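Each chain gets a letter, A, B and so on, in the order the sequences are listed, and its residues count up from 1. Heavy atoms only: backbone and side chains are in, while hydrogens, waters and symmetry mates are out. Remember, predicted model here, so these are calculated numbers, not experimental data.
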Number of protein chains: 2
Amino acid sequence: MARSGTRSVVGQTSVAGSAETRARLVNGAIEALREEGFAGASAREIARRSGCNQGLVFYHFGSVANLLLAALDEVSAMRLAHYQAAVDKSGGLSDLVEVAEMIFEEDLDAGHIAVLAEMISGAKSTPGLGPEVVARIAPWREFTSSALRSALMNTPLSALLPPEEIAHGVVALYLGLEMLAHLDGDRSKVLALFDKVRQMTALLGAFGGAPAQKDRR
Amino acid sequence: MARSGTRSVVGQTSVAGSAETRARLVNGAIEALREEGFAGASAREIARRSGCNQGLVFYHFGSVANLLLAALDEVSAMRLAHYQAAVDKSGGLSDLVEVAEMIFEEDLDAGHIAVLAEMISGAKSTPGLGPEVVARIAPWREFTSSALRSALMNTPLSALLPPEEIAHGVVALYLGLEMLAHLDGDRSKVLALFDKVRQMTALLGAFGGAPAQKDRR
DNA sequence: GTCTATACTTGGATAGAC
DNA sequence: GTCTATCCAAGTATAGAC
């Protein structure tokens, strides 16, 4: 971690330029991870996409791996904020499933999850990267867990489906579905699956007698 | 695909040496993918693990990518045969879940699925690799689908759970769970999840009235 | 078929000019 | 803070000896 950034308290010096370059590099890194994968996300490739010089990767982030982690942080923060906003507007389990599908499609189109997937598999080849990636996945699981918890609240299902444990499966499923859909460019299989989940959810809601859909008008 | 192997009808010439070297390289490639990931599975790394020369990768397989595909073929064939044998001995849905857990743990220990995961994410950086990997995943989905079909046979669940669609989710889940478990080296989360699935299955079986466990003695 | 040697390319990382 | 130039390590791939 040679340099973690211009953290100075600066008056109003040209930090603007620096911050913008850092942002461009982070975006370039996201793009490279998404389109070329971990193995293809080299300093040169990222710099090319960022429209700036290769040496800046090392000046600002110290190493390619650090830049890639910053990219993962960026995607993670962006998406979690978005998820949270979407979930806040939803109520029961049925709502949650609908929100999940909408979010899944957005992520698929934009390749957000590909960034995570590439970092997970790339972690094997770069010493020390694993723990860093692990730490960045925890918030996803926590978010999912708490979304499930509030959706199942006051429902007979909550005894049967402990949020923490299901959340892990949901994150894994999300990751796997995204990798497969990106690989073959076919989203029909995952859409069909979401349909089934929706059906099951409706059935569970009816059976449990709990309000499966929030009453909103 | 410069050279796809000594396919000659050979009398009894020294094909033995060749075949053994090919096998060693394939095993080395599996090991490298598992432990170093796609980005770390170079010709040199594989040759080192195989105890033979780097040039042989190109002599026998034409390129590193081709060797990696051969490695995926090998793992795929090996595991599918094993899965099939295990599933053949099982009956209803409960049996299937138990078999799935056993198999999952084996795969986790041996890192078999890591090979698949690395190839999926590595496919992004190597032109032409994507479709080849896609073709090698299809059998996994087909296997899962037919295992589900026979487990759900004569069960009220079969109307609710079309095997083809669920299979895709199962494969994705399997993949995602394995990646996460390998990343953080913690299998407790996935084991807890399997416990829940087992419970749910038992409940479904009791509710549907179908034999959830095969009668075997 | 296997090994050594080597040509060529790409990538990580740093030095120094501006 | 950014760019050019450069060093060095590692990788793919091939040629040629054995």
Can you tell me how far [atom2] of [N] sits from [atom1] of [X], to the nearest Å?
X	N	atom1	atom2	value
Glu20(B)	dG1(C)	CD	P	13 Å
Phe38(A)	dG11(C)	CZ	P	13 Å
Arg48(B)	dG11(D)	CZ	P	10 Å
Leu68(A)	dG12(C)	CG	P	9 Å
Phe61(B)	dT2(C)	CZ	P	11 Å
Tyr59(B)	dT14(D)	OH	P	14 Å
Leu129(A)	dG12(C)	CG	P	13 Å
Phe58(B)	dG1(C)	CZ	P	18 Å

Any luck finding a side-chain donor-acceptor pair between Gln84(B) and Asp88(B) under 3.5 Å? yes

Glu164(A)-His168(A) side chain donor-acceptor pair, cut-off 3.5 Å: no

If only side-chain N and O atoms of Thr21(B) are considered, is one of them under 4.0 Å from the OP1 or OP2 phosphate oxygen of dT2(C)? yes

Less than 4.0 angstrom between a side-chain N/O of Ser18(A) and OP1 or OP2 of dG1(D), yes or no? yes

For Val64(B) and for Asn53(A), locate the closest nucleotide of DNA chain D by heavy-atom distance; then report the residue assigned to the nucleotide nearer the 5' terminus. Asn53(A)

Nearest nucleotide by nearest heavy atom, which residue falls closer to the 5' end of DNA chain D, Cys52(A) or Ala65(B)? Cys52(A)

Which of these passes side chain to side chain contact (heavy atoms under 4.5 Å, CB included) with Val134(B): Asp184(A), Leu180(A), Asp186(A)? Asp184(A)

Between Arg24(A) and Gly51(A) the two heavy atoms that sit nearest each other are NH2-O, 3.4 Å

Indicate the ring-plane relationship of Trp140(B) and Tyr83(B), choosing parallel, tilted or perpendicular according to the 30° and 60° boundaries. perpendicular

What contact category does Gln54(A) fall into here, base, sugar-phosphate, or nothing, at under 4.0 angstrom with non-hydrogen atoms? base

By nearest-heavy-atom nucleotide on DNA chain C, the more 5' of Ala39(A) and Gly55(A) is Ala39(A)

